[in-house]
Amino acid sequence: MTNQEMRDVAKRLNVPLFKMNYKAGVRLPNLGAFLAGDDGALDAYDPKAKERLSRMLEKELKKAK
């Protein structure tokens, strides 16, 4: 999932930041910056954070269907 796709899914499903933080293990400031458009916010914190966030959003997308 690309960065923009992750942002679109999070916005469309209206997933709370706290839930994404808890399930993906990404710090809130980094998560907020990423969703606001900063592509490097997750990479600076943890190189695998983007993968975890992508997997979590895919699961949420499947649950929403």
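Predicted model only: the values in this text are computed from it and were never measured. Note that the numbering runs from 1 along the sequence shown for the chain.
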Going by side chain to side chain contact (heavy atoms under 4.5 Å, CB included), name the residues that satisfy it together with [X], two or more places apart in sequence or in a different chain.
X   : value
D43 : K50
K23 : K19, M56, E60, K63
L17 : M20, L28, L31, L35

Check: Which pair of heavy atoms, one from A41 and one from N30, lies closest together, and at what distance?
Finding: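 Here A41 and N30 meet closest at O-ND2, 3.0 Å.
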Item checked: Interatomic spacing from CG in L61 to NZ in K59 - rounded to 0.5 Å ->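 Separation between the atoms: 13.5 Å.
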Notebook entry, point to check: Given the rule that I, L, V, M, F, W and Y join up when any side-chain heavy atoms are under 4.5 Å apart, are Y22 and L57 in one cluster?
Noted result: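 No; tracing contacts between hydrophobic side chains, which count when under 4.5 Å, never links both residues.
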Identify, with sequence neighbours excluded, every residue that meets side-chain hydrogen bond (donor to acceptor under 3.5 Å, both in side chains) alongside [X].
X   : value
R7  : D39
R52 : D46
K48 : none

Next item on the list: State, with a plain yes or no, whether a side-chain heavy atom of F34 is found less than 4.5 Å away from one of V26.
Entry: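 F34 does not reach V26 side chain to side chain.
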